[in-house]
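Step one of this worksheet: look at the structure below.
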2 protein chains.
Amino acid sequence: METITENQKVRAAKKLKKMFGHVDLRDTSLICPIRDVMAVASDKWSILIVLYLGYFPVLRFNELKKKVYGISNKVLSERLKHLEGDGYLKRTMYPEVPVRVEYKLTDFGHSYLQKLIELTEWAETHKNCVISNRTSYHGS
Amino acid sequence: METITENQKVRAAKKLKKMFGHVDLRDTSLICPIRDVMAVASDKWSILIVLYLGYFPVLRFNELKKKVYGISNKVLSERLKHLEGDGYLKRTMYPEVPVRVEYKLTDFGHSYLQKLIELTEWAETHKNCVISNRTSYHGS
DNA sequence: CCGGATCCGTCTTGATACTG
DNA sequence: CAGTATCAAGACGGATCCGG
């Protein structure tokens, strides 16, 4: 029976006011933190990549591809480049034969991982709720 | 100088083990909480919709469209349906002339909002970090 | 008018083959 | 092995249309 108290709603409103209150909604660059930062790191594939790199400290390209089941080569390499570009992970290439490339989270990536874990735990504890909502919605 | 301590990493690893440890990676339904639940609610538009509905307790379709700047009719109505279907928000139609339709978060949506706010605060405090990472990456 | 469904051109994704 | 190239399929943005 997880209910949101009025107090929590009020506190949320204050935080949101702090974030949104001074923002000109037309200026996309000002609303940056959510739109811009999150856009790179919050899509479903990036979330999974970061979580798996949190669980397995070091992964190679094809290992990652197996873990993040269903992702295609193209999208994986693209996401990895973006995540590397924004500083979430580090790519290390060992010029052996055959080539070996390793990906691991940076400290910054670990910082983000903490938040993702919280979000995922929320999803874990609420999945049944979502599922029952979903079926009753489609059922009606 | 926000650094992630080794302790935090260890604690993260334990939580991840709990989440991932028993999961057969091939079985998409088991990995549900992240893939399935989050897929609906974690794309950039849904995040913005939930945040704005947290900030403005009640919004009509076109108000929402103005706030969530750049979203198209089609995608907005689609996301709203999904979010409603999973129980994050409630749609109320008043059969006046012209029609009035209001959207507001459910308690479940508010519960999710709490998490999103935390994530957004993280993004807010780390945006400069991302931006500097990004420019140095593209600059090199 | 408002909420949204539809249509269409464009951009993004996905699947698979292929290369250094 | 790590990743591009290629092409098909789907998502998206914008404009328009329509019922209430």
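Just so it is clear, the model here is predicted, and its values are computed rather than measured. All chains are named by letter (A, B, ...) in the order of the sequence lines, taking the proteins before the strands, and each is independently numbered beginning at 1.
Between B/W45 and D/dA11, a side-chain N or O to OP1/OP2 separation shorter than 4.0 Å is absent. Considering only side-chain N and O atoms, A/R60 lies under 4.0 angstrom from the phosphate OP1 or OP2 of D/dA2. For A/N62 and D/dC1, the shortest distance from a side-chain N or O to OP1 or OP2 is not below 4.0 Å. In terms of phosphate contacts, A/S72 brings no side-chain nitrogen or oxygen within less than 4.0 Å of OP1 or OP2 of C/dT16. Look at A/R79 and you'll find a side-chain N or O under 4.0 angstrom from OP1 or OP2 of C/dT13.
Between C/dT13, D/dG13, C/dG3, one nucleotide has an atom nearer to the side chain of A/V75 than all others, and that is C/dT13. Residue A/P98 has its side chain nearest to D/dC1 when only D/dG13, D/dC1, C/dC1 are considered.
For a distance-only test at 3.5 Å, the side chain of B/K74 fails to qualify as a donor-acceptor partner of the base of D/dG14. Side chain A/N73 to base D/dT4: a donor-acceptor pair is found below 3.5 Å.
If you take CD of A/E96 and C1' of D/dC1, they are 11 Å apart, rounded to a whole angstrom. Taking atom NE2 of residue B/H82 and atom C1' of nucleotide D/dA11, one finds them 12 Å apart after rounding to whole Å. Counting to the nearest Å, the C1' atom of C/dT19 and the CZ atom of A/F61 are 14 Å from each other. Taking atom NZ of residue A/K44 and atom P of nucleotide D/dG10, one finds them 14 Å apart after rounding to whole Å. With rounding to whole Å, A/I71 atom CD1 is found 13 Å from C/dA15 atom C1'. If you measure from atom CG of A/D43 to atom P of C/dT13, you get 8 Å, rounded to the nearest angstrom. Remark: P of D/dG14 and NZ of B/K65 are 9 Å apart, rounded to the nearest angstrom. The separation between B/M93 atom CE and C/dA5 atom P is 12 Å, rounded to whole Å.
At least one test fails for B/K17 against the ring of A/Y55: distance under 6.0 Å to the centre or angle within 45° of the axis. A cation-pi contact, defined as under 6.0 Å to the ring centre and within 45° of the axis, links B/K67 to B/F56.
Considering NE2 of B/H126 and OH of A/Y112, their distance stands at 12.0 Å, rounded to 0.5 Å. Between atom OH of residue B/Y88 and atom OG of residue B/S111 there is a gap of 9.0 Å, rounded to the nearest 0.5 Å.
Among the heavy atoms of the strands lying under 4.0 Å from A/K81 are primed sugar atoms or P, OP1, OP2 only; no base atom is included. Note on A/V101: only backbone sugar-phosphate atoms sit closer than 4.0 angstrom, heavy atoms only; bases stay farther off. Looking at heavy-atom distances under 4.0 Å, B/Y103 makes contact with sugar-phosphate atoms alone, never a base. Residue B/E78 is in sugar-phosphate contact alone, with no base atom involved, counting any heavy-atom pair closer than 4.0 Å across all strands shown.
Listed for the A/E118 side chain is no donor-acceptor partner under 3.5 Å among the backbone atoms of A/K115.
Contact check on A/E63 versus A/K65 returns no salt bridge, with no Lys/Arg side-chain nitrogen under 4.0 Å from an Asp/Glu carboxylate oxygen.
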